[in-house]
**Q** 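The structure follows.
We count ligands from 1, going down the list as the structure has it; atoms in each ligand are counted the same way.
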Amino acid sequence: MSDSFATLDTLNFDNSYARFPEHFYHRVGAEPLPGAHLISFNPEVARLLDLDPCQINPSQLAHYFGGEGVLPGSESIAMKYTGHQFGYYNPDLGDGRGLLLGEVVNQQGERWDLHLKGAGKTRYSRFGDGRAVLRSSIREYLVSEAMQGLGIPTTRALCLVGSEQMVMRNGMEPCAAVLRVTPCHIRFGHFQYFYYSKQHDDLRVLADYCIERYYPEVADAENPYLAMFQQICDRSAYMVALWQAYGFVHGVLNTDNMSILCETFDYGPYSFMDQYRPDYISNQNDETGRYAFRQQPDIVQWNLTALAEALLPLVDQEDLKDTLRQFAPKFVAYRNQRFAARLGWQSKHPDDAGLIEALLDLFTEHKVDFNRFLRSLCDYDGSIEERERLLPFVSNTDALTDWLEQYDQRLTLEAASTPIRRQQMRSVNPKYLLRNYMAEEAIREAHQGNYVLVNQLLRVLRHPGDEHPDMEQYAGEPPLWAGAINLTCSS
Ligand code: AMP
Ligand code: MG
């Protein structure tokens, strides 16, 4: 088998985006990071690229993804896009600190973009230095694996490379680079660029490319562009439904951070909430709370509306509006579906939505660490002892007792035996989440040159529903200082 593995020198590149005319991007190489060294790599992502994880050479990874070497077959480009940032259109965006190194086609015929984030300046850097700091790179690297572990659509990352270069952010900080791996680096903002700059022929070219590459099943539809938009709305509803089901807050939901493939994209000041707080704002720079937890479904719909506007040269306006109207009910259905699974319900009953809402109200009122609560609920068997174990999650135990009585009733409608139900519930109720304090601890150690925790967290977050006895301390209540962590756009 090992003969069929590629090496970093023999990756099977086929760079379709680089074959577009040059106004889609500009060609530019990475600026080498001084003292580049490997901090971590992800064996599962290596396999996606046909690389043998056992044969990977750490210094070769640092050589290529520290920007010193150019991978044979790579043609690095900075993509042009625009987008709405905090509600305002910005025509000057593009890859300002990341480069698409190329597309690798693996033996299954899957096409993976390699994007080096933190690769140095490009034409689109504006006033930026083109770099990503170690702090933000660790956060992106770890959370993409955590999201994957939870089954939430996300970009992946092959490796994290540290360096000796320092830049000014929260004081002087070390730079790093992450190799992001995903089929799709096309953002809503790519379409907005061609729409607003009135390059409507190119808009069609881009749409055709996306259909061929991401949505081939719509190619024969009456209007493939409308059918693609319907798919994008549906998948976006699913993505944000899962965010809401696990308390994930993206933090910077600008249209340039929305993927056409509807994966969670461009991680910055994100959080998994330690307590259920619908008004939670993850990004200190978001003064109005535009991207607060409870706003996310509406904002995703707003972003879809911006995409719909950009598709006006290709699709009838009424058809776009009809599609957008289906977003909210789809979101609710997907979200409730996931909560039903988290509660151990396989069958569907008319009162389920009410029972879910009542639980969310309880979470809100008592600021419950709801991910820990739901994990504990996996062991609940209706006994008094088990009930006593859950009551400390809230301050009003009567309200939770009432809810649990209804829940007991509801469970009698399920066919699965208690052990089977528990097993199913554990698979969707993680014991481990990448809470901000855990990322902070990994960052603190990494700043001291110690990368053990980064690598341990990567391993645990890959299988967040499993037991990891050596990491038990991260399954409990977050420390008090967790509430004081401040995240900003530079996170
Ligand atoms: P983000 O907030 O990461 O989504 O980035 C928004 C825009 O700013 C994108 O066009 C980025 O490429 C650009 N950008 C962010 N940070 C930097 C940086 N350090 N240097 C240059 N451009 C940047
Ligand atoms: Mg971005």
Side-chain angles (χ1 to χ4, degrees), residues 24-26 28-31 33 67 76-101 113 115-141 143-144 154-155 157 163 165-178 180 182 184-193 196-197 239 249-271 281-287 290-291 299-300 303 306-307 487-491:
F24 280 63
Y25 53 81
H26 90 102
V28 53
E31 286 175 50
L33 281 166
S76 63
I77 58 175
M79 292 170 124
K80 175 59 190 171
Y81 53 83
T82 62
H84 280 86
Q85 296 182 303
F86 292 90
Y88 296 97
Y89 185 68
N90 183 346
D92 290 329
L93 300 176
D95 285 333
R97 57 165 164 174
L99 294 178
L100 182 63
L101 300 182
D113 285 3
H115 175 105
L116 188 62
K117 193 165 176 178
K121 281 189 195 164
T122 76
R123 184 185 291 168
Y124 313 119
S125 298
R126 295 175 294 164
F127 305 110
D129 52 26
R131 292 304 189 194
V133 289
L134 179 59
R135 179 170 49 96
S136 66
S137 304
I138 288 176
R139 286 171 51 84
E140 166 137 13
Y141 180 71
V143 79
S144 38
T154 181
T155 59
S163 85
Q165 184 173 341
M166 306 291 280
V167 289
M168 190 63 189
R169 294 287 191 280
N170 291 348
M172 292 305 280
E173 296 191 46
C175 296
V178 171
R180 182 159 66 193
T182 157
C184 182
H185 277 88
I186 298 176
R187 307 152 190 253
F188 288 13
H190 279 73
F191 283 85
Q192 291 184 288
Y193 163 56
Y196 279 100
S197 61
M239 174 187 74
V249 193
H250 183 287
V252 198
L253 267 184
N254 295 333
T255 56
D256 58 305
N257 292 339
M258 297 282 296
S259 149
I260 285 292
L261 195 57
C262 314
E263 294 176 327
T264 316
F265 192 85
D266 250 9
Y267 294 98
Y270 66 83
S271 298
I281 300 166
S282 188
N283 178 359
Q284 299 293 310
N285 300 123
D286 179 11
E287 279 153 22
R290 179 180 171 87
Y291 299 140
I299 286 294
V300 168
N303 290 342
L307 176 63
L487 302 171
T488 62
C489 280
S490 82
S491 301

**Q** Using a 4.0 Å cut-off to any heavy atom of R131, which atoms of ligand 1 qualify?
**A** 19 (N)

**Q** Hey, are R135 and S490 close enough side-chain-wise for a donor-acceptor pair under 3.5 Å?
**A**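 Yes, side-chain donor-acceptor contact under 3.5 Å.
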
**Q** Give the ring-plane orientation class for H185 versus H115, where under 30° counts as parallel, over 60° as perpendicular and anything between as tilted.
**A**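 Rings of H185 and H115: parallel, under 30°.
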
**Q** Tell me which one of T488, D286, V252 satisfies side-chain contact (heavy atoms from CB on, under 4.5 Å) with P269.
**A**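 By the side-chain contact (heavy atoms from CB on, under 4.5 Å) criterion, P269 pairs with just one of T488, D286, V252: V252.
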
**Q** Among V167, T82, N257, N285, which residue places a heavy atom closest to atom 4 (O) of ligand 1?
**A**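 Nearest option to atom 4 (O) of ligand 1, by heavy atoms: N257.
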
**Q** Considering the options C175, S136, S163, which one meets the side-chain contact (heavy atoms from CB on, under 4.5 Å) requirement together with R131?
**A**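 By the side-chain contact (heavy atoms from CB on, under 4.5 Å) criterion, R131 pairs with just one of C175, S136, S163: C175.
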
**Q** Considering non-hydrogen atoms only, spot the tightest contact between K80 and H190 and give its length.
**A**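 Looking at all heavy atoms of both residues, the shortest contact is O-CD2, 3.5 Å.
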
**Q** From the options M79, R97, R187, select the one whose nearest heavy atom is closest to atom 1 (P) of ligand 1.
**A** R97

**Q** Which ligand 1 atoms are under 4.0 Å away from a heavy-atom of G94?
**A** 9 (C), 10 (O), 11 (C), 12 (O)

**Q** Please list the nearest protein heavy atom to atom 6 (C) of ligand 1 with its residue and the distance rounded to 0.1 Å.
**A**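 Result for atom 6 (C) of ligand 1: Q85 NE2, 3.8 Å.
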
**Q** If we only consider heavy atoms of Y81, is any one of them less than 4.0 Å away from an atom in ligand 1?
**A** yes

**Q** In this structure, does ligand 1 have an atom that sits under 4.0 Å from one of the heavy atoms of D129?
**A**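 In this structure, D129 qualifies as a contact of ligand 1 - some heavy atom is under 4.0 Å.
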
**Q** Give the numbers and elements of all ligand 1 atoms closer than 4.0 Å to a heavy atom of G130.
**A**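 Reading through ligand 1 atom by atom, the close ones are 18 (C), 19 (N), 20 (N), 21 (C).
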
**Q** Show the atoms of ligand 1 that are less than 4.0 angstrom away from any heavy atom in D266.
**A**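 Checking each atom against D266, I get 4 (O).
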
**Q** Hey, which atoms in ligand 1 end up nearer than 4.0 Å to a heavy atom of G96?
**A** 12 (O), 20 (N), 21 (C), 22 (N)

**Q** So, S282 versus S271: side-chain donor-acceptor pair below 3.5 Å or not?
**A** yes

**Q** What angle, in degrees and rounded to 10°, do you get at the Mg ion (ligand 2) when you join it to OD2 of D266 and to OD1 of N257?
**A**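 About 80°, to the nearest ten degrees.
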
**Q** Between R126, R169, K117, which one has a non-hydrogen atom sitting closest to atom 7 (C) of ligand 1?
**A** R126

**Q** Judged by atom type as modelled, is there a donor-acceptor pair below 3.5 Å linking the side chain of T155 to the main-chain atoms of T182?
**A**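 Here the side-chain-to-backbone pair does not exist.
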
**Q** Decide whether an N or O pair under 3.5 Å exists between L93 and ligand 1.
**A**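 N/O-N/O distance below 3.5 Å does not exist for this pair.
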
**Q** To check your reading of the model: name the closest protein heavy atom to atom 5 (O) of ligand 1, its residue, and the distance in Å.
**A** D256 OD2, 4.7 Å

**Q** Aromatic ring centroids of Y89 and H84 under 6.0 Å?
**A** yes

**Q** Looking at Y267, I'd like to know if the NZ or CZ of R139 sits under 6.0 Å from its six-membered ring centre while staying within 45 degrees of the ring's axis.
**A**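 No, cation not above the ring by the 6.0 Å, 45° rule.
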
